[in-house]
Number of protein chains: 2
Amino acid sequence: MQEEKSSTHAQRALIALRKRILGGELPGGTRLFEVALAEELGISRTPIRAALSRLAEEALLDRAPGGGFVVRSFAVADVVDTIEVRGVLEGTAARLAAERGVPPPMLAEARDLLRQIDRVFFGQSVDMEEYSKLNAAFHRLMARMSQSDVLCREIERITALPFASPSAFLDDQSHQAALAKTLSAAQDQHRALIEAIANREGFRAESLAREHARAARRNVEFLLSHEAALREGVPSLAILSS
Amino acid sequence: MQEEKSSTHAQRALIALRKRILGGELPGGTRLFEVALAEELGISRTPIRAALSRLAEEALLDRAPGGGFVVRSFAVADVVDTIEVRGVLEGTAARLAAERGVPPPMLAEARDLLRQIDRVFFGQSVDMEEYSKLNAAFHRLMARMSQSDVLCREIERITALPFASPSAFLDDQSHQAALAKTLSAAQDQHRALIEAIANREGFRAESLAREHARAARRNVEFLLSHEAALREGVPSLAILSS
DNA sequence: TGTAAGCTCCATGTATACATCGCGGCGCTG
DNA sequence: CAGCGCCGCGATGTATACATGGAGCTTACA
């Protein structure tokens with residue numbers, strides 16, 4: 001066998017197929033045939049089926065009526081709506097956190113994350129790798145502050161879609177100039193959010209989280225309004241069908 | 001073979017297992033073993049795996065770290081939070097419907113549904129079967145009015161959980177007296193919702209939808225506060241772990 | 001020429017044998 | 001007695017052969 005990563009064939013198939021779907025190599029609407037994929041990847045149908053099942057769980061594939069799988073299509077409107085839903089869910093998490101109250105250690109953890117993010121700005125050019133990681137951690141923590149497993153799970157699920165993640169579009173290198181301003185504004189929102197939650201201001205926390213998600217939406221709309229040149233460098237948008 | 005319903009073994013296994021999980025026969029945390037289930041249902045492991053995978057998509061099973069599946073546990077708090085999430089999502093659908101505008105034929109369809117629900121009340125004892133069907137149809141239509149496939153999908157997904165459906169707890173026969181009042185209040189909310197959407201009052205529509213979902217939450221809390229006697233007749237609550 | 005029946009092929013469904021891997025018990029050894 | 005390592009079992013992972021069933025084509029008959 002080849003010496004790829006990961007242990008099982010199903011894992012490798014999952015990773016390979018996910019990559020192809022997200023990369024736009026398998027456009028939305030494409031029917032995936034077990035035999036063809038099995039031959040292509042040099043494994044049997046069984047691990048292929050396992051991989052396809054998991055991709056269906058990730059909402060990257062739809063089950064066809066009479067059996068089989070189809071690559072899900074994402075139009076621009078779907079991206080926008082998905083981000084809207086993320087905003088709504090994160091808003092709910094923030095509101096619940098405020099309403100139910102957050103244990104002080106957790107609040108301290110959040111404030112520490114904010115300081116760490118501040119520190120990333122100190123360098124000349126921002127270390128996007130690090131920022132993405134911290135930003136994702138902050139959003140995950142905010143979900144946990146709701147003290148609702150159900151909500152955490154739903155947020156994690158929607159966030160797994162590549163273009164809906166709070167850290168999507170950050171790896172886009174095209175408009176470094178605007179970046180600093182954008183990130184600084186986002187950080188202001190982070191601070192206000194924690195403040196609102198700490199003050200038990202549920203409505204304010206929810207509104208802030210929703211508006212915070214709007215930044216991602218503005219990014220998408222900006223990227224799509226400027227012709228292909230910009231979109232080229234944005235892997236998260238390769239999946240778009242139109 | 002036995003002459004159950006449905007065509008494939010995987011389908012039958014799916015239905016059988018879902019029934020056992022929802023019925024509380026397989027309590028939360030139970031590890032499901034392919035071989036054991038295969039022997040028990042008299043089929044091979046392959047269709048069992050297919051069924052387990054689909055149950056994971058339905059969020060009734062969790063994948064165990066090292067492979068395998070575990071029945072998901074639902075505590076009371078999870079039920080409440082799930083209903084909260086449904087309310088939030090339906091609220092978003094109602095708001096988007098109001099903000100984006102709804103085609104008149106669709107609004108007419110909604111008003112027609114409201115009239116049909118009114119008609120159900122005419123009889124001496126309400127036909128709950130019929131009411132459930134119409135109520136579910138109304139909620140589905142409201143989701144569609146958002147004109148967002150993503151949102152529809154998420155609502156449908158969360159609504160698939162037995163205790164989160166807008167028609168859950170309606171089959172409970174225990175407090176017929178209060179029922180008429182409850183349903184009539186719900187219908188008032190339905191009417192106000194459509195009115196708000198038609199008037200493009202996004203905030204009002206969202207608030208109303210959220211409050212409407214609270215009715216389900218009150219039902220749960222009422223049922224749980226009255227000892228087992230009441231809970232017996234409520235199949236939707238059999239899944240509760242505690 | 002149109003229609004309907006039947007056939008054939010292809011894709012998924014199913015069973016089963018074998019592989020692999022992790023874990024726990026048991027025994028050996030220092 | 002303690003610690004290490006080996007062995008074996010049980011669970012999932014994988015391959016493969018065969019079953020099934022539907023769609024499209026072809027052919028024969030009206």
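So that the names make sense, note that chain A is the first sequence line, chain B the second, and so on, each numbered from 1.
Atom CZ in Arg45(A) sits roughly 12 Å away from atom P in dA15(D) (whole-Å rounding). Summarising the geometry, the separation between CZ on Phe33(B) and C1' on dG13(D) is reported as 16 Å, rounded to the nearest angstrom. To the nearest angstrom, P of dC18(D) lies 22 Å from CD1 of Ile43(B). The nearest whole Å value for the distance from the CD atom in Glu34(B) to the P atom in dT14(D) is 12 Å. Nucleotide dT20(D) holds its P atom 17 Å from the CD atom of Gln11(B), rounded to whole Å. Put simply, CG on Leu14(A) is 13 Å from P on dG13(D), counting in whole angstrom units. As rounded to whole Å, 12 Å separates atom P of dT12(D) from atom CD of Glu39(B).
The Val35(A) side chain lies nearest to dT12(C) when the options are dT16(C), dT12(C), dT12(D).
Remark: aromatic rings of Phe33(B) and Phe69(B) are distant, center separation not under 6.0 Å.
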Donor-acceptor contacts, no H, no angles, side chain residues 47-55 of chain A, under 3.5 Å, sequence neighbours left out:
from: Ser53(A); atom 1: OG; to: Arg49(A); atom 2: O; distance (Å): 3.2
from: Ser53(A); atom 1: OG; to: Ser53(B); atom 2: OG; distance (Å): 3.2

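Listed in residue order, the members of residues 46-59 of chain A having a heavy atom less than 4.0 Å from DNA chain D are Thr46(A), Pro47(A).
Screening residues 132-159 of chain A for ring pair (Phe, Tyr, Trp, His ring centres under 6.0 Å), with sequence neighbours left out, gives Phe138(A)-His190(A), His139(A)-His190(A), His139(A)-His212(A).
Between Arg12(A) and Ser7(A), the shortest heavy-atom distance links the atoms NH1-O, 3.3 Å.
At a threshold of 4.0 Å, the pair Arg72(B)-Glu58(B) does not count as salt-bridged, since none of the basic side-chain nitrogens sits closer than that to a carboxylate oxygen.
Across all strands shown, Arg31(A) has heavy atoms under 4.0 Å from sugar-phosphate atoms exclusively, and none from any base.
Put simply, His9(A) has a side-chain N or O that comes within less than 4.0 Å of OP1 or OP2 on dA15(D).
Using a distance-only test at 3.5 Å, with no hydrogens or angles considered, a donor-acceptor pair links the side chain of Arg86(A) to the main chain of Ala164(A).
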